Structure formats: structure tokens, C-alpha cells
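Notes for the one structure printed next.
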Amino acid sequence: MEAGAGGSRALPAGEGRPRAHLAALVLARGGSKGIPLKNIKLLAGVPLIGWVLRAASDAGVFHSVWVSTDHDEIEKVAKQFGAQVHRRSPEVSQDSSTSLEAIREFLNHHHEVDIVGNIQATSPCLHPSDLIKVADLIQKEGFDSVFSVVRRHQFRWSEVKKGENKMTEPQNLNPAKRYRRQDWPGELYENGSFYFAKRHLIEKGYLQGGKMAYYEMRAEHSVDIDIDIDWPIAEQRVLSFGYFGKEPLKEVKLLVCSIDGCLTNGRIYVTEDQKEMVSYDYRDIVGIDLLKKRGIQVRLISERDCSKTLSALQLGCIAKVSATNKLQVLEEWQKDMGLSWKEVAYLGNEESDVECLKKAGMSGVPADACAVAQKAAGYICKSNGGCGAVREFAEHIFLLLEKVNSARKQMEEGEEDLCPGTSGAHRQSFKLGSKGEGDNIRLASDMLWDDVPRLEGQGAGEGPRPTAQRCAGCTTACSKPRGDEPGAPDATGTNRVTLGRYIKRIPSTPANKSASSGAQLKCLYTNARSMGNKQEELETCVCLQGYDPIGITETWWDSSYDWSAGMEGYGLFRKDRQGRRGGGVALYVNDQLECVELHLGMDEEPTESLWVRIKGRARAGDITAGVCYRPPDQGDRADEALYRQIGAASCSQALVLMGDFNHPDICWRDNANSASNPGSSWNVLMTTFSSK
């Protein structure tokens, strides 16, 4: 990775900076139990620790940037990002060692440091703007300690341990008068992104104390890999809201790829008649085709004469072989096309590619690239050269292009200016935070406080940690303000990623209150098996991807959950199961689309289904969208009613059907139907869609 202007540096006195030495310190030991060497695992092509080191370096408020570690590989990565390294002792590198112990040891060895900004390595969406504001609170406004918080809408209940003969009690709500989400400001929770404190406080054994303030971070920037979100969803969040450097991203127009070691695995096979052969991965050829279809020109470069190989591949790309100076060739191509360096991407793997990697606005290397190439690159693929690295890098380019297009769209719509590297988190259709960036600093009391969770971790035997919050030190058990149904599946474990895995990278519908029937809607469907503890996760996915319709089955809602079902920027259509718990269907439709509910005889029929008509553009037909749930034990009468509804909906020019049909005569894997009944669900579905 190419380091920014980080490391140790003295800030000029002429800038009005206080003389107190402010050091950024990232604690990153090598003994992570959950994910081995988690701190340097690649997240969106960048080592996890690299995200916060980049933010700290570019903030420009630190006299020095440090990583405290006990591991050689972590030290190597830290230095690649321009940080200095403090080798911590074994005594403070144990599983039982606390952050405070490691920070105090650091201060004992670095007497020049007056203030420590302890930044958590597992907070990859941290931005320099946050660190700048916090540094001003410490250095200019005289606070002794500042820590990060995030606003959560979570109702808390007292914990009842196993064997205790008592009932749980509400801690911050009146069950008889439950707030609607939009009427409740929520509460502040530590998110652990950073803790700033002065030396004298730390030496007394405190990270928080004296004159304290908290800093409220935007919800979309509050990511904790340990407890908030799993790795694949974290990558999506980083690509949408992460900090990518001082320069704003631009749309890539040219990708230059090294042939040997990137397009191929670098091996050359020689036959008996002295002919050379190489192998390639068809996925990489597909990646090149996808780039071309997106209007990105692909050119190839090699130090050896491989013209016969290129002729055999028939890629249709401009290529330069026998290139003794790759940078010179790259500069010629860049000038001939009239591009800025930000519009050039480069994929290389050898020392001869290093200068090209440094010049290009977007750079990548295969997983097996040499060390110096990896150090110069902005993205390290998970795939080796000749094994899908080109396709993977193409996907990375596409994701960043989405970020560029999102920023451009907001500028065109006249919305607020975005910081470099940020994405459309504050679109009018959906806002995560109710506070502006200028209104997120609050004064805390001079000593301990009651309404903010403490630092201590959860002790053994205290039960599972609640998701998406750092509140294990409280005497109460925190839960989401939904999902107290008996037997509702927990949001932890495998069910937690159900929603995120349905993310589709297809164009979203233009915000013109109508949709073209010839265009794709960006859809999300899930069988939730209780939305009670998944609403916040759903909102995260929606914020990341901006879906048009969202279909949900088995919501398990009833009338007591009216207040929590709404989602800003979306209209909600819902049908709860009557008479017993479970079931229920819902449709969220983006407010940018004009739609009406269709009844199709549902009021008289015992089915769990919802239908809406989304208005099409001028001279285009409307789109019918439906969500259906068929319980496994549903009777013939309800089946017949559901089939009639599907048949009626199929009269629409365009139909989007989402649902879980639970029918024993359907084998989705074999595309087969074991039933002879012409009215079976398989035949109805096939008849409906084969005619489209």
C-alpha cells in the first residue's frame, strides 16, 4: 500500500497548533481469537488496519501515528501505511490484557507524547473529518477526554439470570405507551471507534474522566467488525461509506493490465518443438468483456514478446509487448486518451509495475504479487494471477464506480456537498441520523455517568452479547425495540446475514416517481422468520443499496408493532396473519415510485399476499409487484385463491413476484414438478412466467 503523509511529523507552529504532542495509537496484537490476524485481513482489498491509518494520516492533526503490536506481519503492514511501530511486551499482549494497559506501556516508552488518540483498528469507516473535530476539542477547547458514540433506537430490559425467580423490567420505556421510532430520539452508546485522553488521566488509570465530551458519529460510519456486522456486509458498508483518500474518486476510463502474472499465472510451458504455452482463467476473459461493456478500455502490457499468445486469446485489446519501460508506455497511453491519472487503473504484479501502480488513480495486484508491488497497490486481490484476479479487480472497479455515480447524482440533484470519499448517506429518501455534522458534539459530566455504557467487557457466564451495540458492561440486557415474541430467532449467528446476501448490484430506479417497464427494479426479498430483531439490519441494507421494492414474508408482526415497522423514505404495505402468531407479509416501496395497492380479491380470500401497481413512465406500462407466503400446511381453498391472484396479476405488462411457496411438488434444484394436478403451484408459476 502506498503510504500517505503519515508517520512522525512535527506540525508547524505557524498553523496555530498547540505544542502538546498528539499521537494516534492503534492497538493491533496478533492473537485475535475470532478471526486469525484479523487486523491485517483484507477488507475491500485493503488490510483492515489500513483504513484507520489512512484516516489518521490524512487528518493532519497528529504529530505521530503509531501501531502497537506484537506481530511481525502487522508491523510490516503498519509501516507500509507510514505508521511507526511500538513493539509491545508479552505482558500486555495476553488475551486478558486491557487496552489501558497497552496504552500506559506505550506512554512509558514515549515521554514526548502528551495526548493519545486511541483509534480502534476494527472501525474501517472512520473519516479524517471526525478526528479533526475531536482533536480540536482536546487541544483548543480544553477537554481532558473525548470518546465516540452512536445513536441507537433500542429498548432495554433488565436481565433475568437462569434460576432467578423474578420478571424482567423495562429500563427505558413504558410498555403501555411505546414510542414510535420517529418520535423517540434514541440513546447514545459507545461505539468504540476512538478514545482520546491526556497523559495525566491515563497515568491515573482512566481513558475517560476529568472534563469529558462525547462525539456523536454518523450511524453509517459506525462499523465494528467484532460485533456490529460480519465481514461481507462490512465490505459493502466500507465501499459505500469508507474513506478512500484526499482526492475524490473519478470514473475509470482505462485499465492497463500486465499479462504475465496477472492475466496469466506467470508460468510458461515449453513443448518439445520449443513452442510456448500459457494458461489463463476464463473468468478473467469475462471480466475484460464486462469492462468493455461498461465503456472502460482495456489495454495489455508485457516485458516479453507474447504476441502469439495474445493472437490466440483473441481479446481485441490494444497491447504493448517487449516493453522495457512500462511507465513510459502508460504515460503515452494516458496522454493520447486525454485522461487524468485518476481515470486510469492499473493491475500489475512485479517490481517493473511499481511506478505504474503509484501513478494510477486505482491500482491493484493479485494475491501472489511480489512484496514491493503489494506495498504500492491500493487493492490486493484475493485471487492469484491467472486465477480470476482480473475479474475480481473489475468487480472492485465497478463497486467504486457506483460510489462515483452516487456522488455525481447527489450533486446534480443539488443536495449537500459530500466530503471526499463519502457516499450518499443523506439522500432525501432515507436519513440515518437526525443530527447534522455540526450538531454531534455534546458535553459529558466531569466524572462517571449513568446513561452511557461502561468500558468493561462482558464477563463469562453472562449470556450472549446483544448485537450491534457495545453495552455489555451494563447491568441491564439491551435488546432491539422489536422482536420480543416468544421463540423469535435471534439476529446473531447465521440468520444475521440473511438480508445482506440478497444484495444485487443492478441499476437503481431513477427518482422520477415512475419506473420504466423495460428497466430493472432493484429488488430485495427475504423470508425473515420474524422481523422483530432484524429491522435495523434491514435498514442498513437499504441504506447501502437503495432498493425499489422490498418483499418480506413471515414478518411475525401484529398490531403492537405498528410503531416500529415504518422506514423513512419508503411506503409500507403489510398484511399480518390473523388469529395466531407468525406469518405475515409486507412490501416496502421506495417513495420515489408512485404506486397503489391492488386487492385482487384478497379481502375475501384467506391468503398471505400483497400486490401493488407501480406507475410506469409515459408510454410505458405499469409494473405489478407482489409478495406471497404459502404456509407448508395451507389447505386447498387458500391454494386455489393464491393461484387465482397470481393469474390475475399476470395480466400486467410487467410482473415482479417474490415469495416462499413451500410446496412439496416443487423441486427448484431439478426444475421439476412431481404433481399431476394442473392447478399446482409449479404449473401456475410456469404458465405465468413462460408467457412473459
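Values in this document were obtained by computation on a predicted structure and should not be read as measured data.
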Worksheet item: With a 4.0 Å cut-off, would you call Arg151 and Glu216 a salt bridge?
Response: yes
Discussion item. I'd like to know if Arg637 and Asp639 make a salt bridge, using a cut-off of under 4.0 Å between side-chain N and carboxylate O.
Written reply: no
For [X], check side chain to side chain contact (heavy atoms under 4.5 Å, CB included) against everything at least two apart and list the hits.
X: Asn174; value: Ala176, Lys177
X: Val596; value: Arg613
X: Lys162; value: none

Minimum-distance pair of heavy atoms, taken over all atoms of [X] and [Y]:
X: Asp622; Y: Lys615; value: OD1-CA, 3.5 Å
X: Gln154; Y: Glu187; value: O-OE1, 4.2 Å
X: Ala625; Y: Leu587; value: O-CD1, 3.9 Å

Practice prompt. Return the set of residues passing side chain to side chain donor-acceptor pair (under 3.5 Å) with Arg391 (not counting sequence neighbours), or none when no residue passes.
Written response: Glu395
Item to complete: Can you sort out the partners of Ser123 under side chain to side chain donor-acceptor pair (under 3.5 Å), two or more places apart, ordered by chain and number?
Response: Gln120, Ser193
Worksheet item: Looking at residues at least two apart in the chain, or sitting in another chain, which of them share a ring pair (Phe, Tyr, Trp, His ring centres under 6.0 Å) with Tyr629?
Response: none
Polar contact flag, side-chain donor to acceptor under 3.5 angstrom, [X]-[Y]:
X: Tyr570; Y: Asp591; result: no
X: Gln645; Y: Trp611; result: yes
X: Thr553; Y: Asp660; result: no

Worksheet item: Mind checking whether Phe155 and Trp184 have parallel, tilted or perpendicular rings, split at 30° and 60°?
Response: tilted
Worksheet entry | Donor-acceptor pair, side chain of Asp548 and main chain of Lys522, under 3.5 angstrom | yes
